[in-house]
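Reading through the structure tokens given below for one structure.
Position 1 is the first residue of the sequence, and the numbers go up from there.
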Amino acid sequence: MTEAPEITDPIARATLESVRALNAAIDRLGLPAVTAACELTQLDRLVRKYPEAARKSLQMYER
């Protein structure tokens with residue numbers, strides 16, 4: 001087998017470490033964590049895609 005090339009980009013390396021940490025947490029917590037992880041991932045994508053809407057929602061929630 002060939003080894004994967006070393007990742008030198010700091011952002012790519014941090015992302016890979018985050019994914020590994022998330023996978024390890026899901027493994028430790030079991031099946032219920034999979035649903036929570038999926039929901040958090042979807043929420044993260046929505047917040048990144050629509051930051052103004054997320055900010056407005058938070059403002060409305062704080063009131």
Side-chain angles (χ1 to χ4, degrees):
M1 293 178 114
T2 61
E3 291 186 27
E6 181 181 353
I7 297 173
T8 56
D9 178 50
I11 294 172
R13 179 176 278 165
T15 302
L16 183 58
E17 288 303 316
S18 295
V19 169
R20 287 178 179 156
L22 177 62
N23 285 334
I26 289 169
D27 288 343
R28 281 191 309 274
L29 295 171
L31 190 58
V34 174
T35 301
C38 289
E39 290 174 359
L40 287 171
T41 302
Q42 290 172 343
L43 178 61
D44 179 65
R45 286 181 183 157
L46 286 172
V47 167
R48 291 175 190 272
K49 189 172 183 177
Y50 305 106
E52 283 299 316
R55 196 171 294 114
K56 183 70 173 176
S57 294
L58 284 175
Q59 290 170 351
M60 292 173 64
Y61 178 77
E62 289 175 351
R63 291 184 198 154

Could you pull out all donor-acceptor pairs under 3.5 Å where a side-chain atom in residues 13-22 meets a protein atom, sequence neighbours excluded?
from : atom 1 : to  : atom 2 : distance (Å)
R13  : NE     : I7  : O      : 3.4
R13  : NH2    : E6  : OE2    : 3.4
R13  : NH2    : I7  : O      : 2.5
T15  : OG1    : I11 : O      : 2.8
E17  : OE2    : R20 : NH1    : 3.0
S18  : OG     : A14 : O      : 3.0

Qualifying side-chain hydrogen bond (donor to acceptor under 3.5 Å, both in side chains) pairs with a residue from residues 37-47, counting only residues at least two apart or across chains: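 Residue pairs passing side-chain hydrogen bond (donor to acceptor under 3.5 Å, both in side chains), neighbours aside: D44-R48.
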Those residues that, when tested against E52, pass side chain to side chain donor-acceptor pair (under 3.5 Å) (two or more places apart):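 Testing E52 for side chain to side chain donor-acceptor pair (under 3.5 Å), a comparison that skips the adjacent residues, returns R55.
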Side-chain cluster (under 4.5 Å, hydrophobic types only) that L43 belongs to, other residues: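 Members besides L43, by chain and number: V47.
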Hydrophobic cluster (4.5 angstrom, side-chain heavy atoms) - remaining members for L46: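 When side chains under 4.5 Å apart are linked, the cluster holding L46 also contains Y50.
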